[in-house]
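Notes follow the structure.
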Amino acid sequence: ELFVAKYKMSPVKYVTKMRIDYAKELLITNRYSVNEIALMCGFENVYYFSAVFKKTVGISPKEYTKML
């Protein structure tokens with residue numbers, strides 16, 4: 001598939017990566033709650049967002065903000 005050849009990942013993984021990267025940017029600002037960020041990044045609920053974030057980044061969104 002052309003997409004996988006170009007981006008070295010499936011379209012679903014690419015979209016998830018982009019959403020998590022955007023979430024990281026929003027978490028850095030400290031302007032929004034984790035729940036607001038989850039919704040802004042296209043996740044239906046904060047629990048699923050937190051699970052995907054932790055699986056992708058290795059730590060929870062709250063732990064991520066504490067590292068900054």
Mind checking who shares a hydrophobic cluster with V4, ILVMFWY linked at side-chain heavy-atom distances under 4.5 Å?
none
For Y7, all residues meeting ring-ring contact (aromatic ring centres under 6.0 Å, His included), sequence neighbours excluded
F3, Y14
Closest contact, heavy atoms only, F53 versus I20:
CA-CD1, 3.8 Å
The test is side-chain contact (heavy atoms from CB on, under 4.5 Å); show your working for M67 and I59 and say whether it passes.
CA-CA 10 Å; M67 285 182 43; I59 56 175; 3.1 Å; yes
Closest non-hydrogen atom pair between F49 and P61, with its separation
CE2-CG, 3.7 Å
Report, one line per pair, each donor and acceptor closer than 3.5 Å where one atom sits in a side chain of residues 38-48; sequence neighbours left out.
residue : atom : partner : partner atom : Å
N45     : OD1  : Y47     : N            : 3.0
N45     : OD1  : Y48     : N            : 2.7

Who are the side chain to side chain contact (heavy atoms under 4.5 Å, CB included) partners of L68, not counting sequence neighbours?
I28, Y64
Members other than V12 in its cluster, when Ile, Leu, Val, Met, Phe, Trp, Tyr link by side-chain heavy atoms under 4.5 Å?
none
Considering residues at least two apart in sequence or located in another chain, which fulfil the side chain to side chain contact (heavy atoms under 4.5 Å, CB included) criterion with T65?
L27
What pairs of residues pass the salt bridge (Lys or Arg N to Asp or Glu O under 4.0 Å) test when at least one of them lies in residues 5-17, not counting sequence neighbours?
K17-D21
Under the rule for side chain to side chain contact (heavy atoms under 4.5 Å, CB included), what residues qualify as partners of K54, not counting sequence neighbours?
none
Residues forming a side chain to side chain donor-acceptor pair (under 3.5 Å) with E25, sequence neighbours excluded
none
Distance check, rounded to the nearest 0.5 Å: S50 atom OG versus E63 atom CD?
10.5 Å
Can you measure from CD1 (I37) to CZ (R31) and round to the nearest 0.5 angstrom?
11.0 Å
